[in-house]
Undergrad: 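Sharing a structure, written as structure tokens. Questions coming.
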Amino acid sequence: MAAQANTAGAKKGFLQWARSRRGQQIIIIVAFMIVPLALLFTFTYLPFGEMVGYSFYKMKYVGKRSFVGWKNYASVFSRKDCFGALKLSLYYMGGSIVQLALALYLATILSFKVKGGNIFKGFMFFPYLINGIAIGFIFKFFYTRGFVFDTVLQWCGFQLDNLPYWLRDQRINNISLVGTSVWRYFGQNMVLFIGAIMSVDSELYEAAMLDGANRFEQFRYIILPSIKTIVTLNVILSITGSLSAFEPPYVITSGANGTGTYFVVMNEIAHTQQKVGLASAMAVVLLLIIFAATILQKLFFKYVFRNAEDEDFGASKRRDKQLAKYAARKAGR
Amino acid sequence: MKLRKVLALTLAAAMTLSLTACGGSDEGAAEAPAADDTAAEETETPAADDGAEAEAPATAPAGLTYASINLGEDYKDLTTTIKFIHHKTDREEDGTMADLIAKFNEVYPNITVETEGVTDYQEDSLLRLSAGDWGDVMFIPAVDAAELPTYFVPYGTVDEMSQFVNFADQWKDAAGNCYGIGYMGNAQGILYNKKVFADAGVTELPKTPDEFIAALQAVKDNTDAIPLYTNYAAGWTMGGQWDAYLGAITTGDETWLNQKFVHTAEPFKDNGDGTGAYALYKILYDATEKGLIEDDYTTTDWEGCKPMINNGEIGTMVLGSWAIAQMKAAGDNPDDIGYMPFPITVNGQQYATAGPDYCYGINVNASDDNKAAAMVFVKWMVEESGWCDLEGGYPISKTAPTSFVFEGVNIVNNVTALPGEEDYMNEMNAESELSFNAGGDAKVQRIVEAAATGAETYDDIMSDWTQAWNAAQETCGVEVLY
């Protein structure tokens, strides 16, 4: 009886709590969060956890699996093709720097009054809207001997015999592929930059002009500091993106002829060779590399730009100081 | 694949159930009685027949066999409608099928044939087969050999049928009855342009790797055509095609590919006489090294190559005989397309592997009239229609005229793996990462790259493969016997 009364009491207490403002708050928060969290867990973290588990097994998609411990990780580091493929990422990183510089340059120009600016914006953003596979096919023909690219260069006076084979020559085929990804993504970077530049107060330019600053100085001292955050973000996204480059080599050259990036090799190992354990280990290693690269970049930008992460870092410090002073004066009274 | 397995299992389960339901007085044999039961329900024909057909007597009307039909004489007065379902939707659309039926009706005006081309035939046909009411003639989908009598009418014994058609043993039951006749055959050889060869002064088809390279050289020297178009960029045209010649074609040994290969210590060693796997891939390496392939192999285009070989811009391509029809259809010179045996000669003999494409099967549940009409139709299609030749297929009928010439070649079939060793090849393929006949395109592309850039010698690659193979043998615990 006592126990029953107790539970009844607890029930009443719970109901009361649920009706209270605090209880309502918590119930609503939980109710709203549970759906996205459940989805996130089921479709992101659970499969990821499974994959980490797979990386310790020698297994195919079907059939029996056997536990091999760290052997898969050892072979990721000992195999030539796995880590060798990461070297190709350097091409894509180089490409991403070119891409960002180009995007920043064009964004700066287009954010001032330019004739037909919106048309240019549209044209340059357009490639980003095309499907990556389609872009692959476009460029396959673009680079084919004697096709589009060679024809255009011949108009400019180049002799076909002096032109390299864009995809066959192993010295430049990766650069050709990187070119496609620069073409695809610089428009998107540019639009992001323009958005950030728009938010700069135009009175600043006026003031700068009165002080005799030219366009470059305006860019250097007004625009760049104002959009540091978005620049940092874009650099981080591009670098991590270049570590996991996949579509251009997969579609255009199917990873053959020395263009197999880490992802393409991983795909080959997982699907053709059916070494699921090894491919999972490769994925985990790549994730760790991306983590490391991101952290390094953050540290780097912190060092270079001081407070690129939080532009109002100094301001909030000053405010804190002032508040403390105010509080002290109040207390003193 | 999975779906097929599940279906097969479901079918097997359903059949076991129907067995028990049907009374199960005789529990002696497994599948064959099931056929008897179902057939007995459907047809009232008394089963008595003699000799060879003792195993499945009730399934066919008495005396109805492929051999017993005289085309154009028997069953002329038979009036009925039969339905034929097939996978050649392209032929249904371009009117070829209707033409064939019209020609059939000139001989048999009273037999109406309805045809239906089914997209996604592989999956769909199995579903229809299990549903039962699919028509009278179909191309046999992937069913277990043991289930054949449940679904299809036998044409006669394999021995008897072998006098009339090739590959009669493709669909046979335990008793040796033949249930399927191919509509065309596929052979493995090399596709070439006859005109290009003639222009180059190559009068005799090459029989050895050296002769083949010499022929390619002649094509390069004397014509503007690309001697050997690799289709490097497509990928599947590298591994998928070149690997297909491993086995009997390169060694003359039907057991090599599926039984000996995994147990061989040095499968890629140089035999010195232009045979074996070494000689096979060496052709590609040599051709590339000597500049006998397309200029820019990284941008080859599969769809684009078809009109090119048709118009004489390409000398040869390494593709199965299934590609002939596509190449012929791609331009104005279908007669220039030729097909030759693979240029490897083992002890003075050339070999080619061949097998049937989809095979005609006749519904065991159809009425007697329809069975007879269906059998007549199938025999006419195989012997008189000329469809097989139209598709450029390896001949099925032994008597019908054919343009497929494979002179002085032994047609062989790679035999299947030994019982208990079926998985060895898959395991070895995965472990060694060479993936023979299993999507190992990268390894063949590597040969082209190495030869074009001079990065590796052919022997380097082969010893690399041997090492990978031996390591895989050790890991998989496959005994080295040869």
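Numbers restart at 1 for each chain; the letters A, B, ... are given by sequence-line order, proteins then strands.
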Undergrad: Do A/N173 and A/S176 have side-chain atoms, one donor and one acceptor, less than 3.5 Å apart?
TA: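 There is no such pair (donor and acceptor under 3.5 Å, judged by atom type) between the side chains of A/N173 and A/S176.
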Undergrad: What part of B/E433 lies closer than 4.5 angstrom to a heavy atom of chain A: side chain, backbone, both or neither?
TA: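 Contact with chain A involves both backbone and side-chain atoms of B/E433.
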Undergrad: Need one label for A/K275: side chain, backbone, both or neither, based on atoms under 4.5 Å from any heavy atom in chain B.
TA: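 Side chain only.
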Undergrad: Between B/D441 and chain A, which part of the residue has a heavy atom less than 4.5 Å away: side chain, backbone, both or neither?
TA: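 For B/D441, there is no contact with chain A at all, as no heavy atom is under 4.5 Å.
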Undergrad: So what's closer than 4.5 Å to chain B heavy atoms on A/T272: side chain, backbone, both or neither?
TA: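 Both parts, backbone and side chain.
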Undergrad: Could you look at B/N429 and say if it's the side chain, the backbone, both or neither that has a heavy atom under 4.5 Å from chain A?
TA: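 B/N429 touches chain A through backbone heavy atoms alone.
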Undergrad: Within the 4.5 Å heavy-atom criterion, are B/L228 and B/M317 side-chain neighbours or not?
TA: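 Of all side-chain heavy-atom pairs linking B/M317 with B/L228, none is under 4.5 Å.
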Undergrad: How about A/Y165 and B/D295: does a side-chain donor come under 3.5 Å of a side-chain acceptor?
TA: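 Yes, B/D295 and A/Y165 have a side-chain donor paired with an acceptor closer than 3.5 Å.
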Undergrad: Can you confirm whether or not the ring centre of A/F246 sits under 6.0 Å from the ring centre of A/Y250?
TA: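 Aromatic pair counts; centres sit under 6.0 Å.
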Undergrad: What part of B/A233 gets closer than 4.5 Å to chain A, counting heavy atoms only: side chain, backbone, both or neither?
TA: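 For B/A233, heavy atoms of backbone and side chain both lie under 4.5 Å from chain A.
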Undergrad: Looking at chain A, which one of B/A430, B/A455, B/A450, B/G239 has the largest number of heavy-atom pairs inside 4.5 Å, strictly under?
TA: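 Going by pairs under 4.5 Å, I would pick B/A430.
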Undergrad: For atom CZ of A/F125, decide whether the heavy atoms of other residues, nucleotides or ligands shown that lie under 6.0 angstrom number more than 12.
TA: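 Correct, the count exceeds 12.
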Undergrad: Centres of the B/W469 and B/F436 rings: under 6.0 Å?
TA: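 B/W469 vs B/F436: aromatic centres under 6.0 Å.
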Undergrad: Using non-hydrogen atoms and a 4.5 Å limit, figure out which bit of A/F141 sits close to chain B: side chain, backbone, both or neither.
TA: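 Only the side chain of A/F141 comes within 4.5 Å of chain B.
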